[in-house]
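Proteins get letters first, then strands, A, B, ... in listed order; numbering begins at 1 in each.
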Amino acid sequence: MIKSKLKMDKIRTRFAPSPTGFLHIGSLRTALYAYALAKHNGGDFLLRIEDTDQKREVPGALEALQTTLKKFGLTWDEFYTQSERLPLYSSAAKKLVKDGHAFYCDCKPKNAKLEGFSQELRDPCRNKSLKSGAIKLKVPDDKVVSYCDFVHKKEISWNTDTVYDATLLKSDGFPTYHLAAMVDDLSMKISHILRGHDWLPSTPIHLLVFDYLGGKRPEIGHLTDILSAETGKKLSKRRDSVFVEQFLDMGYLPEAILNFVMLLGWAPKDNRELFSLGEFVKNFDINGFQDANPRFFYNKLNWFNGHYIRQKTDKELIELLKNGFLPENTDMELLSKIVPLVKERIAKLSDFSSFAGFFFEKKEVDKTLLGKNYKEHLSKAVEALERGILLDKIPEENGFKVGDFFMDLRIAIAGSKFTPPINESIEILGKEESIERLKKVISNN
RNA sequence: GGCCCCAUCGUCUAACGGUUUAGGACGUCGGGUUUUCAUCCCGAAAACUUCUGGGUUCGAAUCCCAGUGGGGUCACCA
């Protein structure tokens, strides 16, 4: 019997962000998939910083990026910075000129944002045989370039008559993405390029560059765009929360964000939904990629987050709450008593204050919420507390309706109809404070 | 506008030509547990039969074509 398993080269993927700000939620997903693709097959996952546009670089962005990636458990095996590899790109560009696949251009750079801008397909400098300036790709006429996308699992092709003479090396000596990324993917022996859908239209440029540079072209796959639930368009910084750090600040857990995002654009055959990073890597299947753009709905994110919050031990949850979700100078002993009561009531860490805020400060009591017998209810409760009698006995002894009695109590103590269990809350709050709050409501006409 | 991608419940998706009266999850609604809310458990509605119209086939959500609709992209940014 012949076991014919194709001996594949080692899988090597990369995440290649530019250090221009926070980590986009879509980028996190791209990184996750690239990581899983590599790790599922025992391969390497590289982090490559594409900092070839000095103007857009944001100080500190690189460090922030790495910190965030690590929070999600996405660790890399190798690290590269393009700005430290400049000679590689310029010599590659010069080789392309020498081989007749690129040319120098001394036109002044155009700005796409300017009004009346229109891209010319064939650059006027392509036959001038200039000896200096920017270097552009000499796109051949009427040729078909194609590749098989491993996300969409289909062949995609272009006629080069629709491809413009893209700039490869800028006049400042820095490469553009079109050059740098291809040179690097080749030299770093990347086996699979996984990137956003927005790169799909410029893929023919990259195919040409790969072919002219020589060597084995990596597999290429384009991930779907994540669409805004409201607009149905790509998530935008202006309207939507798009940065991972924003979600962290809102009180979403890394496990939940990761789990949510992995199912936007990928699904297993058995429709399983709960995955840790490790489980995802184990179950990862390249056939699970989706073709259609998903929408970012918060419902499921919230559900995942609630789920993962409940998975935490009280101690772990306290540590998480310490990251900016607690009132100033929170008493830790008090907190450890409160946390078990709110754990299954919150969907986000930031919900803590709305459920447990009354433990730390007196809340305004809206009298219209109280029942018509509230004074009687509260007076008996005060009496019981003062004499140390169990509150549970009060309704029966006085002929109160149990629900009404405790509801008035709840509102007077916490200022809300929705609270943690009121008996336990009173115990935590203390007899004195509780009595004081009840009396205040009784006397405040 | 040119080029490219896409199209199953409100949302994320399963179904890879026939076990489909299209399955699951979130959300919604109803019920149970509970002194509230939440958790948890049970159940229901939900895709004018898989955007529309053609074709291929004994048979199509699944393959092909067209239309329509949605998205992306057209820089010396990535």
Distance below 4.0 Å between A:Q290 side-chain N/O and B:A7 OP1 or OP2: no

Side-chain touch A:F355/A:I346, heavy atoms, less than 4.5 angstrom: yes

B:C16 phosphate, OP1 or OP2, under 4.0 Å from A:K153 side-chain N/O: no

Nucleotide nearest A:R310 (side chain, heavy atoms from C-beta), chosen from B:G72, B:U39, B:U35: B:U39

Presence of A:K170 side-chain N/O under 4.0 Å of B:A78 phosphate oxygens OP1/OP2: yes

pair A:I205-A:Y164: side-chain heavy atoms closer than 4.5 Å: yes

Any-strand Watson-Crick or G-U partner of B:C63, both distances under 3.5 Å: B:G55

Sole candidate of A:L179, A:L86, A:D51, A:L169 that passes side-chain contact (heavy atoms from CB on, under 4.5 Å) when paired with A:F174: A:L86

Closest listed nucleotide, where the reference is the side chain of A:A267 and the choices are B:G10, B:U13, B:C77: B:U13

side-chain N/O A:K300 vs B:U13 OP1/OP2, d < 4.0 Å: no

Presence of A:T52 side-chain N/O under 4.0 Å of B:A78 phosphate oxygens OP1/OP2: yes

Inter-nucleotide C1' distance (B:A14, B:C76), Å rounded: 47 Å

N/O (side chain, A:K154) to phosphate O (OP1/OP2, B:C6) under 4.0 Å: yes

Distance-only donor-acceptor test, A:N423 side-chain atoms vs B:U35 base atoms, 3.5 Å: yes

C1'-based separation of B:U56 from B:C77 [nearest Å]: 47 Å

Side-chain donor/acceptor of A:T419 to base of B:C37, under 3.5 Å: no

Flag, side chain of A:N293 to backbone of A:D225, donor-acceptor distance under 3.5 Å: yes

A:F352/A:F325 aromatic ring centres below 6.0 Å: no

Nucleotide nearest A:W158 when distance is taken to its side chain, options B:C3, B:A25, B:U36: B:C3

N or O in side chain of A:K233 less than 4.0 angstrom from B:G71 OP1/OP2: yes

Rounded distance in Å between the P positions of B:G10 and B:C51: 12 Å

For atom CG of A:L168 and atom C1' of B:C77, their distance in whole Å: 15 Å

Interatomic distance at P, B:G2 relative to B:C63, whole Å: 27 Å

Presence of A:S18 side-chain N/O under 4.0 Å of B:A78 phosphate oxygens OP1/OP2: no

